[in-house]
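First comes the structure, then the notes that go with it.
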Protein chains: 2
Amino acid sequence: MSLRMLILAIVEAKPSTGYAITKEFDAVAGFFWRASHQQVYRELAALADEGLVRFKDVAQEGRPDKKVHAITVAGRRAFAEWYAQPQDIPRLNDPLMVKVFTGELGGVDNLIEQLSAARAQHLDKLAMLEAIQREHYPEAPADMPRWKQLVYLTLCWGLARERAWLQWAEQSEALLRG
Amino acid sequence: MSLRMLILAIVEAKPSTGYAITKEFDAVAGFFWRASHQQVYRELAALADEGLVRFKDVAQEGRPDKKVHAITVAGRRAFAEWYAQPQDIPRLNDPLMVKVFTGELGGVDNLIEQLSAARAQHLDKLAMLEAIQREHYPEAPADMPRWKQLVYLTLCWGLARERAWLQWAEQSEALLRG
DNA sequence: ATTTGGTATGCAACCAGGTGCATATAAGCC
DNA sequence: GGCTTATATGCACCTGGTTGCATACCAAAT
């Protein structure tokens, strides 16, 4: 559901092709959602089927034809309905926590290795997010236009999550080693 | 994969029925993984099929018969193999962040409502986890037996996550209101 | 007597997401 | 001529998880 609605919001802001939407995911929406191009195309087809978007075939020179999708009135209505619905808390199935939980069977030494490997990955991710913050969001949040504030908040959540995870991991490794 | 392995670890610690495993999920493993009884039974059947667990039918008086599942040698081997594999970082598809991102189309007032509703839910969850901590883990972590430390660490991650989320939400609401 | 709640197991259908593969055009490079 | 990269779209299959339903036994409460 969220993927459909995210796509609707993207084509509302600017009529787009599946390809462009996928690029959007790789860039900014990647802070909080991942989607492959197959998923995007599949969802666009379903949305067009239900009349929530409509598309025009656009011939191009020097590259393949494309389908530009735009939101419809029904699409706006569906989005507004969804937006008003209360949201379930996301489910929390975390493979690494399974390894922590089963650490005695797996071996505590192996667990410590897993933790520090994961820590390296999370450090990378944090560094990446911090670089984006420095480059694209250096000003005070209160001075940003609304749309930018909203994207910035999703970035902030990524930063907060990574920092909290790293703090937890450090304490955990210390406890297991000590 | 993680679900299979979690089940393997549970039946390794103590041969169990699907019903008991489901109860285990509702209780302790619920800090970091959710699974319905259907999922558990399906996975147990698959595990038995592949020879990673074996089961005995046990007749009971006063209640239905049950199947007690235990891990096999092949099961231990499969677990050890999986445990050594590096873990992917979990995917981060968060419906609430979609609402933040699409807040202009959805309406900022509606977004603020969504945020405070979510905040109430996260506060409840935090209170629940803190109650568990007070009741079951009052002693210093260093004094706990290993198995208890490991469960405690998964609880700590839940606590850290909820606290980080709440902090983020407060700042976000302030920014959007101010 | 009937309902509720706990124990115990399972099927069928569906939905969301991921993997692998396929196709087509064209620019630029070696 | 063949390689890679970028644009652009899509199918088929598989896995993992959810929903709804079904069955059966028994105890305790109403």
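Hydrogens, waters and symmetry mates are skipped; everything else that's a heavy atom, side chains included, is used. Throughout, protein chains are lettered first and strands after them, A, B, ... in sequence-line order, and every chain is numbered starting at 1. The structure presented is a predicted model; accordingly, all values stated were derived computationally and were not measured.
- Atom CG in B:Asp94 sits about 13 Å away from atom P in C:dG17, given to the nearest Å.
- When rounded to the nearest whole Å, the span between NE2 of A:His69 and C1' of D:dG10 equals 12 Å.
- Atom-to-atom, CG of A:Leu92 to C1' of D:dG17 comes out at 14 Å; the value is rounded to the nearest Å.
- Within the 4.5 Å cutoff, no side-chain heavy atoms of A:Asp65 are placed close to those of A:Val58.
- Ion pair A:Glu130/A:Arg163 flagged as a salt bridge, since at least one NZ, NE, NH1 or NH2 atom sits closer than 4.0 Å to an Asp/Glu carboxylate oxygen.
- Between B:Gln39 and D:dG16 there is no side-chain N or O to OP1 or OP2 distance below 4.0 Å.
- Residue-to-nucleotide proximity on DNA chain C shows that, of A:Glu43 and B:Lys23, the 5′-proximal contact is made by B:Lys23.
- With distances taken from any side-chain atom of A:Trp33 to the nucleotides C:dG17, C:dA8, D:dT9, the minimum falls on C:dG17.
- Inspection of the B:Arg146 and B:Gln149 side chains reveals an N or O donor paired with an N or O acceptor under 3.5 Å.
- A donor and an acceptor atom sit less than 3.5 Å apart, one in the side chain of B:Arg42 and one in the base of D:dG17.
- A:Arg63 has its CZ atom 10 Å from the C1' atom of C:dT25, to the nearest Å.
- Minimum heavy-atom separation, B:Thr72 to B:Gly51: OG1-O, 2.6 Å.
- Note on the helix from C:dA1-D:dT30 to C:dC30-D:dG1: angle between the axes of the first and last five pairs equals 0°, rounded to 10 degrees.
- For A:Asp88 and D:dG17, the CG to C1' distance is 14 Å, given to the nearest whole Å.
- When every heavy atom of A:Leu96 is checked against every heavy atom of A:Gln114, the shortest pair comes out as CD1-O, 4.4 Å.
- Listed by chain and residue number, nothing satisfies the salt bridge (Lys or Arg N to Asp or Glu O under 4.0 Å) test with A:Arg54 (two or more places apart in sequence, or in another chain).
- Listed candidates were D:dT9, C:dG10, D:dG17. Nearest to the side chain of B:His37 is C:dG10.
- Listed nucleotides C:dT7, C:dG18, C:dG10 differ in distance to B:Tyr19; the shortest reach to its side chain belongs to C:dT7.
- Salt bridge annotation for B:Glu24-B:Lys14: absent, with no cationic side-chain nitrogen under 4.0 angstrom from a carboxylate oxygen.
- Each of A:Ser36 and A:Arg4 was matched to the nucleotide of DNA chain C holding its nearest heavy atom; the match closer to the 5' end belongs to A:Arg4.
- Distances from the side chain of B:Tyr41 to the nucleotides C:dT7, D:dT9, C:dG10 place C:dG10 closest.
- For the residue pair A:Ala9 and B:Leu105, the shortest heavy atom distance occurs at CA-CD2, 3.8 Å.
- In this structure, B:Ile21 atom CD1 and C:dG10 atom C1' are separated by 15 Å, rounded to whole Å.
- The distance between atom CD of B:Gln60 and atom C1' of C:dA8, rounded to the nearest whole Å, is 8 Å.
- Side-chain N/O atoms of B:Thr17 include one lying less than 4.0 angstrom from OP1 or OP2 on C:dT9.
- Of the candidate nucleotides C:dA8, D:dG17, C:dG17, D:dG17 has the atom lying nearest to any side-chain atom of A:Asn93.
- Summarising the geometry, the separation between CD1 on A:Ile89 and P on D:dT18 is reported as 13 Å, rounded to the nearest angstrom.
- In this model, a side-chain donor or acceptor of B:Gln38 finds a partner on the base of D:dG20 within 3.5 Å.
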